[in-house]
Structures are given as C-alpha cells and as structure tokens.
Amino acid sequence: MKKVVIFSGGTGSTNLQKGLYNLYGDCLDLKIIINAYDNGLSTGAVRKVFDGNILGPSDLRKNQILQAKLYNYEDTKHLIKFLEKRFFADSAEKAKDKLIQLMWETENLEIPIQNTFLNAIKFFFDKSNSTLIDYQDFSVANVIYAGLAGQQGNSLEAAGFRMAEILGIPKDRVLLASDDSLFLHAETEDGTIVLDEGDIVSWDNPENKITGINLVDKQHKQTRPFLSPTCADAIMRADIIIFSSGTQWSSLIPTYIHQGFKQALDASEAKRYFIVNNTEDKDMIGLDVNDIIDVLSEYLPVSELWFVQNTEAHKSMSKTIDPKRYSSIRKDLSMHMSTLHDPEKLVDTIFQDYYNNVLDPEYIILDFDDTIYGRKEYRSDISFENLGLLYEINHHLAAHIVSGNGASHFERVLSGRYKASLDFFCDGGNTYCSYDPTNKKHPVKELSQVSSEYTWDKYDFKTLTKAMKALKIPAYKVENRKSVLYSLKPFHDHERKQLFENLQNSMGDDYECQIAGRTSIDVRKRGYDKTIVFQKLGKPYRSYVVAIGDEMDEGNDACFRTVPWVQCISVDSHLETFIYLKTLWRSLINEEEDTTDNRSR
C-alpha cells in the first residue's frame, strides 16, 4: 500500500483527511503524526487534574474521532455523538453524575465499552484535583481520554491505543510524536515569554511577533523530547509526507523540534508537500507565505518541499513563492463560497503531482493477479473497482492486461461477475483474448497468437519431462500455457527457491526458469517474456508506455524494466494499483477541463 504520513494539529488536516478518504478509501497506509502539548480550556483542566503528568488529549481525540467518522461511522455514530458532547456542571460530583447519565443515555453502547468508560470516569473524579477545576463547556471525551491515560500510568499514547480499538480504527493511525508530558512556551521579539499554549494560538500581535518556542517540564526545565520510534519508522518508510496547514507555532512546529525528527526525514525517500494556509493564523499574524517559509527553514528542509498554494487564499498566503528558491504548485483549491480547502481538489493536486511522470502515457500495461485482482478474493471490491477504472480509462487511452495466467483463469474469475467486455493477453503475453459477458457458456475467446517463435516442440517438452523426473517433480504439477510457457505449481516458499535453481541447471541455457506469482515456477524458451506484446501493440509514437506489476523488481514483470521507453510502476498489491488508476483517471478528466501547468521549480 502507498504509505502516507501527515503532520497535523487538531483540525488543520480535516479536509485533507476527508479528501484522502473520498478518493482512495482505505487503500492507503495512513499515519497522522501529532503532538499533544495543548493546554487550553478543558484540555488544560484535565492536565491539572493529573498534576501535569498527562499530555493534552484534544488533538488526539479530534483526529481519532474524525478517522472514525470517515472510516467506521455506521458502527460508531452513537459513540461519536457521546464523545463529542460538552457539558456544564457546578461541581465535580455533579460533573461525574452528568457524564455517567450521558453515557447511559447513549444508544447501542456495548457493555465492555460502557465498563471501560465508567472506570475511566471514576478514575478521573477520584483524583482530588478534580474538585479544583470548573466544569464549564467541558469536553466529555477529554475526561474519558484523561481517565484512560491515568489508568495506564499517565500514558496518553496507551489511552489512544485503547480508544482506537473502541472506535474501530487502526491503533497506529494517529501517532503521538512523544508521550512525555511537557508544556509549550513561546518567546516574542521583545523577549516576552508566553507561558500558555492557548495564548500562543491567539497571540495576534504583529508588532511583537513570536520568534521561537520551547518545551518545558513541570519544573520549567527546557527539554527536547525524542521523537517516538514508531513515528520515526513511519517517516522513514513513507512514500508521501504532507505537512498540513494549521497553526505553526502552537500545533506543528512543536513536532518538528523533537530530537530524531530531522534524522528521520533525512533517511526518508518520500516526496514532501507543505500545504499553505488559506488565511493568516493569529500565532503568525502579519507574516506572508514567504515570511513563513523563512521561519520554517529553521525546522524543515524547505528546499526539498513542494509548497501547495491556493490561488484563492488570502492575499498574504497566495503571494507568489520565489521559484528560484522553492518548488510550488498553485491552483484554485477553495471550496465554493468558503475559505476552506476543497478536499478532493487538494488531494488531486498532491497525488497528480506525485504521479506526474506517469500520467501522460500513450498506453498502459498491467499484470493481473495481485496487480489488478487480489488473490484468494482478498478485497475483491477493489479488484472490480480496478476493472471499472480500466473501462473508464479506455475511453481516453488504451489499457492492456498482460498476464502469466491462462485464459481459463480469467473465465473462472470474471464469469457472471464482471459485466463489461474486456480484452487481455495471457500465457505470458502470447495469447490475445476477449471476454464477452453476454456469452454465458464460453465468455472468454482466444483471438490470436502474437508469435510462434517461442512455441515448444516435442524435444523441448521431453527436456522438461526429463528434468522434472530427475528432481522428482510430479507430473500433475505442470500446466501447459499454449506451448510457450509451462508453469509448475504449487510449491511452498521453502522448497521453491532450491527447485528453481536445480531446474534451471537441468534445463540448460536454451531455457529460462523464473519464480512467478506466489507458488509457481515458470519455464520458457530463453528470450520469451511479457515484452512480446510489443510485437502487437507497437512502440509509442509520442511519449512512453507505463507498465504496472507486483513482480517488477524480480519476477515476470521485471522484463519491462529492460525497455527504454517503458516507465515501470512496482506495486505491492491491487490496492496500490487502485491509487494509481484512480489518480490517472481523475487526471484525464481534469485534463479536459484544465491544461495549465501550475508547477514551478
């Protein structure tokens, strides 16, 4: 799966997250990295209840609840309604009773969850400090998260893992940069120290701008916590890193000052995007986009970022970024009659830039199993989404399936399930076939052979039989693919590699063996591979061909890497193929509406 990391505050990435869900569903490996140094309103109050020993839950709860709304809403809508409530009470005792009453009134709340929440609420109000705070416009969820954290040794991270389980989202979907309970301070131009995170958010003083931040412990000692290993690993493994819009000094830069953050970024090969705000935030009031980049240059490798700008943003944010120094993408990214980013426009912009070098092919070639179609019916919904996207893409450019499997495999997979016509190459590329869903008896028809050059004769088959006997490979394990490719299967991984080496040695130099798929060894005449389809499809006249496969690094798709005019995309599953096909399809549609190149470097 494509791995995407978002650096976020509490709500700055809301529309980005919505856009990712709207376009790609759950086909991305998404990680949202936040810090939890929020100290305002009821978040600051619950931290005081625990003597400053827990982090502020607000940004964690906001992101986890948003993810549950997007990915698991039907199962969690009553739970979310409860967690998003706010309440008023005159005392801790009344606040406790109010919370428990609200919980009992919540529909369809399972007994184990009720018990978890009840214990967290009791733990919270058993703290003596709970009687010292005001319960005015207080977040229900903050009490739950704080109580769970307290039960887990004051670990908000552990509380987040438990809440992720309850909300039905991956426990590592929203990650804390650190689980150390620290407090955010800021310093201004005249040396003023701003002691509260809430005051930093609302600073709003262009005559005395904030110039830096620090994290301090309860004893006011400055400290720089280490970035959690889980966050560092997510950054280093990412394909795309997105620095979200939001309040920089109060929400985002605190993550960037963690020890190990820079090293993790340096070790990452991900393409990086920075989403420029649509409006000025109060913690950086009076700064335009170029000023903000200057500030960020102390914390981020700004020369390596692509700055994504909304041309309809506030004039200070839509100001042209110096193209000699930085890379930027400028587009109208606004929602209609709103200052917010349009979710789908924003995500389209990022992913179409990410795939920029492979979005204008003359035609595309795709492997089938584990590239278009998931084996063993895994996520068959996405398999048929992929086939549907190919149908739509074929209205704009040709898309060809080239599979090592035989025609019978396509008939078995597609019959009665796929309702559109489909042409494909099978048997490693030599057999050209069509699928007709209206033909109920024989929906797959073989139309032609691409070449007879690599067809086996009796001598060739005798050579294979001799080698199989010598290696004690049973006869039932061989499948004849139109006498151009013989597939031996199934084998377990532990035996396949050794058999492959021994079989190659036994067959001799005129033949080539290859590990293919999950359980197979393919045997063919040397020189025969999937690139044979170019004898029928031809070379591109104007641009290039894109080839997509799950065996692009080694296996029966790797042959495409030897062709100079083929751009190869290696995928780890049909879910990753879906991301590319959806991006390509939307780019083809957008191309009809807008042909302007808005990228500058």
Side-chain angles (χ1 to χ4, degrees), residues 1-2 24 27 351 355 357-375 378-407 409-410 413-414 417-418 420-435 444 450 516-518 522 529-540 543-563 565-588:
M1 296 173 77
K2 274 288 175 229
Y24 303 122
C27 290
F351 274 75
Y355 283 115
N357 294 330
V358 286
L359 291 183
D360 188 31
E362 195 153 314
Y363 58 86
I364 62 175
I365 290 172
L366 304 98
D367 176 47
F368 190 69
D369 285 334
D370 292 322
T371 298
I372 294 174
Y373 200 90
R375 290 179 191 267
Y378 172 64
R379 293 301 306 270
S380 60
D381 57 326
I382 300 301
S383 300
F384 286 97
E385 284 267 11
N386 284 339
L387 288 167
L389 285 167
L390 287 181
Y391 177 82
E392 296 296 334
I393 288 168
N394 262 311
H395 289 97
H396 303 268
L397 59 88
H400 305 283
I401 295 172
V402 182
S403 172
N405 269 305
H409 176 69
F410 284 84
V413 166
L414 300 177
R417 304 172 72 191
Y418 187 58
S421 299
L422 182 71
D423 290 349
F424 58 90
F425 295 86
C426 58
D427 302 323
N430 198 52
T431 308
Y432 184 48
C433 300
S434 68
Y435 167 76
V444 172
V450 174
R518 295 291 179 264
D522 288 347
D529 58 39
K530 285 185 175 182
T531 61
I532 196 170
V533 297
F534 294 130
Q535 292 187 25
K536 183 173 182 67
L537 300 178
K539 294 182 179 180
S543 56
Y544 54 85
V545 171
V546 167
I548 308 149
D550 68 305
E551 297 179 16
M552 199 61 73
D553 297 320
E554 56 179 25
N556 63 17
D557 302 316
C559 56
F560 291 116
R561 292 199 182 276
T562 66
V563 183
W565 32 268
V566 173
Q567 298 271 23
C568 295
I569 299 177
S570 179
V571 297
D572 61 12
S573 75
H574 62 308
L575 305 185
E576 191 170 339
T577 302
F578 170 75
I579 303 300
Y580 169 72
L581 291 179
K582 187 70 173 286
T583 305
L584 174 62
W585 175 61
R586 289 183 66 85
S587 76
L588 291 168

task = Compare all side-chain heavy atoms of L390 with those of L581 and state whether any distance is below 4.5 angstrom.
result = yes
inquiry  = Would you call the rings of Y355 and F351 parallel, tilted or perpendicular, taking 30° and 60° as the class edges?
reply    = tilted
task = Find out whether C426 and N405 are in side-chain contact, i.e. whether some heavy atom of one side chain is under 4.5 Å from a heavy atom of the other.
result = no
Pairwise side-chain contact, F368 with H409, heavy-atom cut-off 4.5 Å (strictly under) = yes
note = d(H400 NE2, F424 CZ) to nearest 0.5 Å is 14.0 Å
query = Checking salt bridge (Lys or Arg N to Asp or Glu O under 4.0 Å) for the pair D367/K530: CA distance, chi angles, key distance, verdict?
reply = CA-CA 10 Å; D367 176 47; K530 285 185 175 182; 2.9 Å; yes
inquiry  = Which heavy atom of S570 sits nearest to which heavy atom of R561, and what is that distance?
reply    = CB-NH2, 3.9 Å
inquiry  = To check you understand the geometry: which heavy-atom pair defines the closest contact between Y363 and L537, and what is its length?
reply    = OH-CB, 3.5 Å
Side chains of S573 and R379 in contact at under 4.5 Å (non-hydrogen atoms) = no
Rounded distance (nearest 0.5 Å) linking atom CD1 of I382 with atom CD of E576 = 13.0 Å
inquiry  = With side-chain contact (heavy atoms from CB on, under 4.5 Å) as the criterion, how do I365 and F425 come out once you've worked through the C-alpha distance, each side chain's angles and the decisive distance to 0.1 Å?
reply    = CA-CA 10 Å; I365 290 172; F425 295 86; over 6 Å; no
Y391 atom OH: more than 12 heavy-atom contacts under 6.0 Å = no
request  = Might you point out which heavy atoms bring Y378 and H574 nearest each other, and give the distance in Å?
outcome  = O-NE2, 3.0 Å
remark   = Here the pair of heavy atoms bringing F384 nearest to V413 is CZ-O, 4.4 Å
inquiry  = With rounding to the nearest 0.5 angstrom, report the CG to CG distance, L422 to L387.
reply    = 6.5 Å
query = Any cation-pi pair here, K536 with Y432, using under 6.0 Å and within 45°?
reply = yes
inquiry  = Please give me the minimum heavy-atom distance between G429 and V533, naming the atom from each residue.
reply    = O-CG1, 3.5 Å
message = Could you check whether any side-chain heavy atom of Y435 comes within less than 4.5 Å of a side-chain heavy atom of F410, counting everything from C-beta outward?
response = no
request  = Report yes if the side chains of L584 and V546 come closer than 4.5 Å at any heavy-atom pair, otherwise no.
outcome  = no
message = Side chains of Y373 and N386 only: does a donor on one sit below 3.5 Å from an acceptor on the other?
response = no
key: Interatomic spacing from CG in D360 to CG in L588 - rounded to 0.5 Å   = 8.5 Å
task = Identify the heavy atoms of A399 and L366 that sit nearest to each other, and give their distance.
result = CB-CD1, 4.4 Å
ask   = Out of D557, T577, D550, which residue meets the side chain to side chain donor-acceptor pair (under 3.5 Å) rule with T371?
value = D550
Pairing residues for K582 by the salt bridge (Lys or Arg N to Asp or Glu O under 4.0 Å) criterion, not counting sequence neighbours = none
